[in-house]
Amino acid sequence: RMIQTEDCFGDQLIECKNVTNSFDVANLRDGRYCYQLYNNTKDFMDVYQFGLNSELVYESACVGYNANNIKFCQGCSEQVSDLSYCQLSAHVSSLFGCFGLRHKQYCILNKSYSKQEYQQLVPKIISHMKETGEYGEFFPISLSPFAYNESMAQLYYPLSKEECLAKGYKWKDEEVEIK
């Protein structure tokens, strides 16, 4: 179902333009592989929830409320900009690899830097991450505290224990309670 859309493919799209393979989205311009985004969002790719007056968001989840230039982040909302690899932060800008910060800027791994130091260090970190193959994707599954069969992934993309282990995913066998 699509209402007032142009050049779109997906379902439950309302007032969207140039949106591909996206679902439950309203008022998105130029998006791909998005789910549950709303109100005045543009230039989104591989994003799960929620948008709201945001732009330039890539491979992120639960990002919105005036978010701009966000990559590989989760749970960053309310006035956030220029973030990479961050989680659960709000009212922040220019962060790299930070967790749980509020009202901060120019931080790397939760440590504050001057603007000049930040602008010198981040490109070096990205260069190193590219060399090691770590940069350019959302947090790897190896960092998950959960085994594959403990996550929602098992419901949507079921894999056997053998398939998971072959891919390098964690697997948790059922615990036997001894009485």
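Sequential numbering from 1 along the given sequence is applied to the chain's residues.
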Just verifying a value: how many Å separate [X] [atom1] and [Y] [atom2], rounded to the nearest 0.5 Å?
{"X": "Ser160", "Y": "Asn149", "atom1": "OG", "atom2": "CG", "answer": "10.5 Å"}
{"X": "Trp171", "Y": "Gln154", "atom1": "CH2", "atom2": "CD", "answer": "4.5 Å"}
{"X": "Lys170", "Y": "Tyr148", "atom1": "NZ", "atom2": "OH", "answer": "14.5 Å"}
{"X": "Ile70", "Y": "Ser60", "atom1": "CD1", "atom2": "OG", "answer": "7.0 Å"}
{"X": "Cys107", "Y": "Tyr118", "atom1": "SG", "atom2": "OH", "answer": "8.5 Å"}
{"X": "Gln4", "Y": "Ile14", "atom1": "CD", "atom2": "CD1", "answer": "9.0 Å"}

Looking only at non-hydrogen atoms, find the nearest pair between [X] and [Y] and report the distance.
{"X": "Leu95", "Y": "Tyr106", "value": "CD2-N, 4.2 Å"}
{"X": "Lys172", "Y": "Ala147", "value": "N-CB, 3.4 Å"}
{"X": "Leu109", "Y": "Cys98", "value": "N-SG, 3.7 Å"}
{"X": "Leu28", "Y": "Gly31", "value": "CD2-CA, 3.9 Å"}
{"X": "Cys16", "Y": "Arg29", "value": "CA-NH1, 3.5 Å"}
{"X": "Gly10", "Y": "Met2", "value": "O-CE, 3.9 Å"}

**Asked** Does the ring center of Phe72 lie less than 6.0 Å from the ring center of Tyr58?
**Response**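 Yes, the ring centres sit under 6.0 Å apart.
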
Any side-chain heavy atom of [X] sitting closer than 4.5 Å to one from [Y]?
{"X": "Lys167", "Y": "Ile141", "result": "no"}
{"X": "Glu117", "Y": "Ile108", "result": "no"}
{"X": "Tyr48", "Y": "Gln74", "result": "no"}
{"X": "Gln36", "Y": "Phe50", "result": "no"}
{"X": "Leu121", "Y": "Phe96", "result": "no"}
{"X": "Val19", "Y": "Thr5", "result": "no"}

**Item:** Neighbour count >12 (heavy atoms, 6.0 Å) for atom OH, Tyr65
**Value:**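 No, OH of Tyr65 has 12 or fewer neighbouring heavy atoms, counting only those of other groups under 6.0 Å.
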
**Exceeds 12 heavy-atom contacts within 6.0 angstrom, atom CZ of Phe139** =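 Counting other residues, nucleotides and ligands, CZ of Phe139 exceeds 12 neighbours.
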
**Request:** For Asp7, check salt bridge (charged side-chain N to carboxylate O under 4.0 Å, His left out) against everything at least two apart and list the hits.
**Result:**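 In terms of salt bridge (charged side-chain N to carboxylate O under 4.0 Å, His left out), with neighbours along the sequence ignored, Asp7 is linked to no residue.
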
**Item:** Ser77 (side chain) donor-acceptor with Gly75 (main chain) under 3.5 angstrom
**Value:**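 Answer holds: no.
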
**Prompt:** Counting only N and O atoms by type, is there a donor-acceptor contact under 3.5 Å from the side chain of Ser54 to the main-chain atoms of Gly51?
**Reply:**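 Side chain of Ser54 to backbone of Gly51, a donor-acceptor pair under 3.5 Å: yes, one is there.
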
**Message:** Show, in sequence, the C-alpha distance, side-chain angles and deciding distance for Asn27 and Asn39, and conclude whether the side chain to side chain donor-acceptor pair (under 3.5 Å) test is met.
**Reply:** CA-CA 5 Å; Asn27 203 295; Asn39 298 330; 5.5 Å; no

**Pairs where residues 129-138 contributes a residue and the test side-chain hydrogen bond (donor to acceptor under 3.5 Å, both in side chains) is met, not counting sequence neighbours** =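 Applying side-chain hydrogen bond (donor to acceptor under 3.5 Å, both in side chains) to every pair that reaches into residues 129-138, excluding sequence neighbours, yields Thr132-Glu134.
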
**Request:** Quick one: which residue pairs count as a side-chain hydrogen bond (donor to acceptor under 3.5 Å, both in side chains) with a foot in residues 82-99, not counting sequence neighbours?
**Result:**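 Every pair satisfying side-chain hydrogen bond (donor to acceptor under 3.5 Å, both in side chains) with a residue in residues 82-99: Asn69-Asp82, Glu78-His91, Ser93-Gln105.
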
**Asked** Which residue, Leu13, Asp11, Leu37, forms the side-chain contact (heavy atoms from CB on, under 4.5 Å) with Phe23?
**Response**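 When Leu13, Asp11, Leu37 are each tested with Phe23, the side-chain contact (heavy atoms from CB on, under 4.5 Å) holds only for Asp11.
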
